[in-house]
Engineer: 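Once you've had a glance at the structure underneath, I'll fire off some questions.
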Amino acid sequence: MKTVFQKPEAMTDVPMHYCPGCTHGIIHRLVAEAIDSLGIREQTIGVASVGCSVFAYDYFNCDMQQAAHGRAPAVATGIKRVRPEAMVFTYQGDGDLASIGMAEIVHAAARGENITVVFVNNAIYGMTSGQMAPTSLLGQKTATSPRGRTVEEMGYPIKMCELLATLDGPAYLSRVSTHDSRHVLQAGKAIKKAFEMQQQKKGFAMVEVLSTCSVNWGMTPANALKWMAENMVPYYPLGVYRDVTAKEGN
Amino acid sequence: MAKTLMKGNEALSEAAIRAGLKAFYGYPITPQNEVPAYMAEHLPLRGGVYLQAESEVSAINMVYGAAGAGVRVMTSSSSPGISLKQEGISYIAAAQLPCVIVNVVRNGPGLGGIQPAQGDYFQAVKGGGHGDYHMIVLAPGNVQEMADLTTLGFDLADKWRNPVMILGDGILGQMMEPVEFAENQEPVNVEKPWATTGAVDREPNIVNSLDIIPEKAEKNMQALLAKYEKIKEEEVRWQEDGTEDADVILVGYGTSARVARSAMELARKEGLKVGLFRPITLWPFPEQRLRELAKPGRKFLAVEMSAGQMIEDVRLAVNGVSPVYLSNRLGGMVPTPEDVLTKTRDIVQGRVN
Amino acid sequence: MPRGEVIVNKELCKECSLCVVACPHGVLGIGKTINSKGYHSVEAVAPEKCTGCTLCAVMCPDVVLTIKRKSPERK
Ligand SMILES: Cc1ncc(C[n+]2csc(CCOP(=O)(O)OP(=O)(O)O)c2C)c(N)n1
Ligand code: SF4
Ligand code: SF4
């Protein structure tokens with residue numbers, strides 16, 4: 001028999017600290033698989049952010065930098081501009097990217113910075129134990145929206161792909177989900193594409209990956225996947241929001 | 001090489017490029033705008049990257065990234081912008097990344113004004129951001145030193161894997177003086193085996209400041225503090241003049257030292273025994289030498305463009321052996337030699353206590 | 001002979017059951033043995049049904065599962 005599935009080389013042997021069933025782990029593996037399949041591990045410099053994925057630097061088997069909360073796109077810019085031959089990616093949560101780091105991500109996108117951004121949207125602040133995120137859904141109960149998010153008090157959730165798609169800078173914007181195996185496979189393709197964009201020097205590429213936080217959502221991991229499919233996917237429509245290579249007609 | 005007439009901000013920029021600068025990330029603010037303008041004009045044509053960031057916060061984090069990737073990198077700003085950079089500076093110090101940060105100080109607090117001042121002394125030498133760390137802080141006193149200390153700053157940053165701040169002010173940045181650059185200066189190429197350059201034939205490198213296991217974090221802190229102790233031993237720099245026989249020693253850095261020197265010259269003409277002590281490294285502060293100079297009967301006068309900041313370090317150094325007085329102006333006002341002379345006379349004649 | 005084989009690195013399993021739900025053939029189930037982290041690791045409760053489709057491994061957040069499959073040409 002032939003091995004058809006195993007841990008990718010771009011992941012270390014360090015056991016991940018994530019809660020049982022946390023889809024951060026799936027997304028890590030997809031990033032590592034993309035790196036392996038493009039054969040770019042030795043060129044890759046990853047930037048970990050602040051959030052549950054802060055230890056990503058221990059899990060990816062490539063050079064890594066750890067950035068301050070929200071600043072990963074600026075750190076990645078600093079690296080990519082002086083090492084244009086490197087493949088630079090950031091891995092950021094929704095609090096990191098869509099709240100405290102909004103300026104950094106918008107400007108990196110507007111500049112068409114030639115980096116790959118993996119944006120993990122789990123509609124909550126995981127690491128600090130379940131506060132409302134900029135992407136928390138209306139009505140969603142969190143530690144800091146105990147009666148549910150209301151428009152009057154907290155305004156609307158932010159749709160990052162749609163927002164960045166108003167800019168001319170991005171080359172690739174795509175939203176994918178991890179709620180079942182079919183969607184995970186699609187997510188893997190999108191992440192690989194986002195690295196290929198960088199390889200081809202097309203410019204800024206971001207994949208928004210819908211992800212669960214069963215612990216802070218107060219559900220079993222399997223129910224969290226269901227909740228995500230039924231509540232997040234309708235509000236955050238999946239699909240490609242920008243693809244400059246499609247325009248070119250390949 | 002022949003001397004050329006240059007503004008302090010331009011001399012500093014030219015020196016940085018000659019030191020092998022590979023990237024400059026900045027954000028506009030007066031009175032340092034000549035630095036990014038010079039960089040934008042020259043750096044891309046001489047093998048480097050110039051990028052105007054969206055904020056000082058982003059600029060300093062770009063510096064973090066590039067420094068972590070192993071190149072010589074720099075940012076420049078003025079007081080309000082430097083406040084915004086503090087988060088990044090703390091991370092840079094913790095991750096032990098070499099870089100040069102220029103602060104062309106203006107008067108504050110708040111938005112303050114755009115006039116020269118020295119009110120960022122505490123912020124520069126006592127931390128500024130969160131946690132136990134130090135930058136090496138260099139205080140140029142003229143345009144030539146704006147250049148020379150920038151060159152030195154890059155060398156010290158690499159030698160110690162530590163951020164270095166050039167603490168200037170609006171006068172030093174804007175004034176023109178003749179300046180000379182070394183002929184055929186070769187940028188020193190320091191090996192950086194820790195940098196993230198791509199993990200080819202080696203284990204991955206990690207640039208990081210996170211330390212959540214207390215036992216390990218304490219050990220790492222002790223290693224950092226040991227480094228700071230070595231810097232204190234090896235890198236203290238100062239200049240002194242007429243201190244041997246002095247009854248009063250004027251202590252000042254940067255523009256204040258220029259004023260103090262004129263005051264000393266006037267005082268000497270009057271027959272007063274006055275000396276000048278000019279710290280060049282503000283951190284590490286030349287406390288040892290000041291301690292040696294302190295003796296009963298000798299007095300110190302701190303000259304500042306701040307509300308009495310550096311004077312605290314002078315007092316700590318002399319440790320009660322000599323009295324220490326203050327002559328200062330605030331709000332972007334620059335002290336005159338006459339102001340300082342008047343205070344010196346008062347001290348000599350025992351009219352202040 | 002089953003067409004596929006799922007190998008479980010029991011030490012890494014966190015008992016989240018995502019693989020159990022993902023498997024279309026009911027190959028996996030939460031087992032009785034406890035690993036050093038205190039989790040009941042999954043195991044192949046019906047190994048003979050495994051087709052080597054990898055869908056369980058695709059959903060595992062902790063890269064616990066390695067999958068082998070008979071190569072079609074050897075059939
Ligand atoms: C400047 C700063 N502010 C706040 C924090 C505390 N903090 C740590 S993680 C986090 C939120 C992370 O949430 P998210 O980005 O959504 O990632 P997740 O944990 O959900 O994966 C916050 C606010 C910090 N580390 N630094
Ligand atoms: S808190 Fe949420 S996001 Fe963080 S590891 Fe646990 S499940 Fe994942
Ligand atoms: S998905 Fe992975 S961690 Fe979860 S039960 Fe299955 S093997 Fe264990």
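Please read these numbers as outputs of a predicted model, since none were measured by experiment. Each chain gets a letter, A, B and so on, in the order the sequences are listed, and its residues count up from 1.
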Engineer: Using non-hydrogen atoms only, which part of S90(B) is less than 4.5 Å away from chain A: side chain, backbone, both, or neither?
Structural biologist: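 Answer is neither: S90(B) stays 4.5 Å or more from chain A.
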
Engineer: Side chain, backbone, both or neither: which part of Y64(B) has a heavy atom under 4.5 Å from chain A?
Structural biologist: both

Engineer: Check whether R83(A) gets within reach of chain B through its side chain, its backbone, both or neither, counting any heavy atom under 4.5 Å.
Structural biologist: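 For R83(A), the contact with chain B is made by the side chain alone.
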
Engineer: Could you tell me which residues in residues 68-77 of chain A have at least one non-hydrogen atom under 4.5 Å from a non-hydrogen atom of chain B, sorted by residue number?
Structural biologist: A68(A), H69(A), R71(A), A74(A), V75(A), T77(A)

Engineer: Roughly how far, to the nearest 0.5 Å, is CG of L97(A) from CG of N121(A)?
Structural biologist: 9.5 Å

Engineer: Tell me, for L51(B) versus chain A, whether the close heavy atoms (under 4.5 Å) come from the side chain, the backbone, both or neither.
Structural biologist: side chain

Engineer: Is V49(B) in contact with chain A via its backbone, its side chain, both, or neither, using a 4.5 Å heavy-atom distance?
Structural biologist: side chain

Engineer: Highest number of heavy-atom pairs under 4.5 Å with chain A: which of T197(B), V57(B), D201(B)?
Structural biologist: T197(B)

Engineer: Judged by atom type as modelled, is there a donor-acceptor pair below 3.5 Å linking the side chain of S79(B) to the main-chain atoms of R106(B)?
Structural biologist: yes

Engineer: Could you please spell out the steps behind the ring pair (Phe, Tyr, Trp, His ring centres under 6.0 Å) verdict for H24(A) and Y91(A)?
Structural biologist: CA-CA 10 Å; H24(A) 262 305; Y91(A) 187 104; 5.7 Å; yes

Engineer: Where on A195(B) is there a heavy atom nearer than 4.5 Å to chain A: the side chain, the backbone, both, or neither?
Structural biologist: backbone

Engineer: Just by distance, do the side chain of D243(A) and the backbone of Y172(A) share a donor-acceptor pair under 3.5 Å?
Structural biologist: no

Engineer: Quick one: which of E85(A), E113(A), Q198(A) gives a side chain to side chain donor-acceptor pair (under 3.5 Å) with K80(A)?
Structural biologist: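 The passing option is Q198(A).
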
Engineer: Counting N and O atoms only, with roles assigned by atom type, does the side chain of T135(A) sit under 3.5 Å from a partner on the main chain of I158(A), one being a donor and the other an acceptor?
Structural biologist: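 It does not hold such a pair.
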
Engineer: Given 3.5 Å as the limit, does a donor-acceptor pair link the side chain of T90(A) with the main chain of Q92(A), or not?
Structural biologist: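 Judged by distance alone, no pair lies under 3.5 Å.
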
Engineer: Compare all side-chain heavy atoms of M197(A) with those of T116(A) and state whether any distance is below 4.5 angstrom.
Structural biologist: no

Engineer: Once rounded to the nearest 0.5 Å, what's the spacing between atom CD1 of I206(B) and atom CG of D58(A)?
Structural biologist: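 Atom-to-atom, I206(B):CD1 and D58(A):CG are 5.0 Å apart.
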
Engineer: F204(A) ring centre to R111(A) NZ or CZ under 6.0 Å, with the angle to the axis within 45°?
Structural biologist: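 So R111(A) doesn't make the cation-pi contact.
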
Engineer: In terms of heavy-atom pairs under 4.5 Å with chain B, which of N61(A), V106(A), T44(A), V88(A) leads?
Structural biologist: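 Result: the option with the highest number of such pairs is N61(A).
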
Engineer: Below 4.5 Å, heavy-atom pairs only: which of G46(A), G78(A), A110(A), C62(A) has the largest tally toward chain B?
Structural biologist: G78(A)

